[in-house]
> 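Quick one: the structure is below, and I'll ask about it shortly.
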Amino acid sequence: MARISYDDEAAAAFKAVREVPRDGLGHWREAIRRYLDPMPGMSVVDIGAGTGAFAATFNDWFGLSVYAVEPSAAMRAQIPARPGIAVLAGEAGAIPLPDGSVDGAWLSTVLHHIPDLEAAAHEIRRVLRPGAPVLFRQGFPGRGDWASSWWVHRWFPETIRVVDTWPTVEQTCQAFAAAGFRQDGLEPVPETYRTSLAEFLAQADTFRRADSPMRTLTDEEFLRGKERLRRAAREAEQTPGPQSRTSWVDLLVLR
Ligand SMILES: C[S@@+](CC[C@H](N)C(=O)[O-])C[C@H]1O[C@@H](n2cnc3c(N)ncnc32)[C@H](O)[C@@H]1O
């Protein structure tokens, strides 16, 4: 059961404000290349593909064929229709692909939505070719200083309490070990947002509709966060220089 309902409103909001801008993903490109070793003719499954931002990115960066598997019809409707991306209704526990048919699996901020991690691990094992990796882009509890690792937490610190309920690295590795996976890598990867704080402030209500930790905030917590952000945006406007912000999100690789 997903933590929020990705209905038409949430899907449109996600498309509008939650896709990570491509120009801030350079470090991801290099990290993914190291573990996936992409080559022409390879295919990957993007599980919980959402609005297809990463499916398009994998196709553009590496020329890979991507199966974008997504349970929400509203999110699927936002995935760009283009050669190289096949959009499929499905979920981590039921992937509509044949056995041993893909060279890698990608799950970006999806783990905490999966109700049965062991069942998902077995299903992912089934569709991967032997030795192929599964790559998670994920916030894990207990890794580093959350308040500084994801920039949203700085303005809306109460979002940390929900992230603390998400699967840990250890729980994830344990669930996937039952399907024969072993840890191959774990590293925080920086990603950069170049939108100004004033722009983020203007998007905050839309952002809240599309983000499961933000949805758990009470109205009071949300308004307090917006006020913090408003003050910071005012200060930033008086400071010369670019206003980019960097988050550190973990890449966990199992094989
Ligand atoms: C936070 S969004 C991430 C979307 C995309 N991966 C990205 O990073 O842009 C989480 C997505 O996981 C999907 N989802 C929810 N439950 C799922 C499940 N059991 N298996 C696969 N995906 C699921 C949701 O519908 C939603 O599109």
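Ligands are counted one by one from 1 in listed order, and the atoms in each one are counted from 1 as well. All of these numbers come straight from a predicted model, not from anything done at the bench. Position 1 is the first residue of the sequence; numbering continues from there.
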> Does any N/O atom on S108 come nearer than 3.5 Å to any N/O atom on ligand 1?
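Indeed, backbone or side chain, S108 has an N or O that close.
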> Just going by heavy-atom distances, which of G93, S212, P115, A73 is nearest to atom 19 (N) of ligand 1?
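Of the listed residues, P115 has the closest heavy atom.
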> Would W106 count as a contact residue for ligand 1, given that I'm defining contact as a non-hydrogen atom of the residue lying under 4.0 Å from a ligand atom?
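It does not, in that no heavy atom of W106 comes within the 4.0 Å cut-off of ligand 1.
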> Is the shortest N/O to N/O distance between A92 and ligand 1 below 3.5 Å?
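Yes, there is a polar N/O contact under 3.5 Å.
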> So, T246 versus T192: side-chain donor-acceptor pair below 3.5 Å or not?
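T192 and T246 do have a side-chain donor-acceptor pair below 3.5 Å.
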> Taking atom CH2 of W155 and atom NZ of K226, what is their separation to the nearest 0.5 Å?
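The NZ atom of K226 is 15.0 Å from CH2 of W155, to the nearest 0.5 Å.
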> Would you check the N or O atoms of E70, main chain and side chain alike, for any that come under 3.5 Å of an N or O of ligand 1?
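N/O-N/O distance under 3.5 Å: yes.
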> I114 versus ligand 1: do any nitrogen or oxygen atoms come within less than 3.5 Å of each other?
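N/O-N/O distance below 3.5 Å does not exist for this pair.
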> Pairing donors with acceptors under 3.5 angstrom, does anything connect the side chains of T195 and R245?
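T195 vs R245: donor-acceptor pair found between side chains.
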> Provide the number and element of each atom of ligand 1 under 4.0 Å from a heavy atom of M75.
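Listed by number with element: 27 (O).
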> Is it the case that E199 and S196 place a side-chain donor and acceptor less than 3.5 Å from each other?
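Yes - a donor-acceptor pair under 3.5 Å links their side chains.
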> So is A49 close enough to ligand 1, meaning a heavy atom under 4.0 angstrom away?
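Checking ligand 1 against A49, which is what was asked, there is a heavy-atom contact under 4.0 Å.
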> Any luck finding a side-chain donor-acceptor pair between R129 and S101 under 3.5 Å?
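No - no donor-acceptor pair under 3.5 Å links their side chains.
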> Would you indicate which of P71, G52, A120 comes nearest to atom 14 (N) of ligand 1 when only heavy atoms are counted?
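It is P71 that holds the nearest heavy atom.
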> Less than 3.5 Å apart, any donor N or O on the side chain of Q138 or H112 sitting next to an acceptor on the other?
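Indeed, the side chains of Q138 and H112 share at least one donor-acceptor pair under 3.5 Å.
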> Tell me whether the rings of Y6 and F14 are parallel (<30°), tilted (30 to 60°) or perpendicular (>60°).
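Ring orientation, 0 to 90° scale: perpendicular.
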> Going by the atom numbers of ligand 1, which of them fall below 4.0 Å from some non-hydrogen atom of F54?
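Every atom of ligand 1 under 4.0 Å from some heavy atom of F54: 8 (O).
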> Tell me which part of V110 gets within contact of ligand 1: side chain, backbone, both or neither, using heavy atoms under 4.0 Å.
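Only the side chain of V110 comes within reach of ligand 1.
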> Using a strict 4.0 Å cut-off to heavy atoms of G50, name the atoms of ligand 1 that fall inside it.
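The atoms of ligand 1 under 4.0 Å from a heavy atom of G50 are 4 (C), 27 (O).
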> Would you indicate whether D8, at its atom CG, is surrounded by more than 12 heavy atoms from other residues, nucleotides or ligands within a distance under 6.0 Å?
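Counting other residues, nucleotides and ligands, CG of D8 stays at 12 neighbours or fewer.
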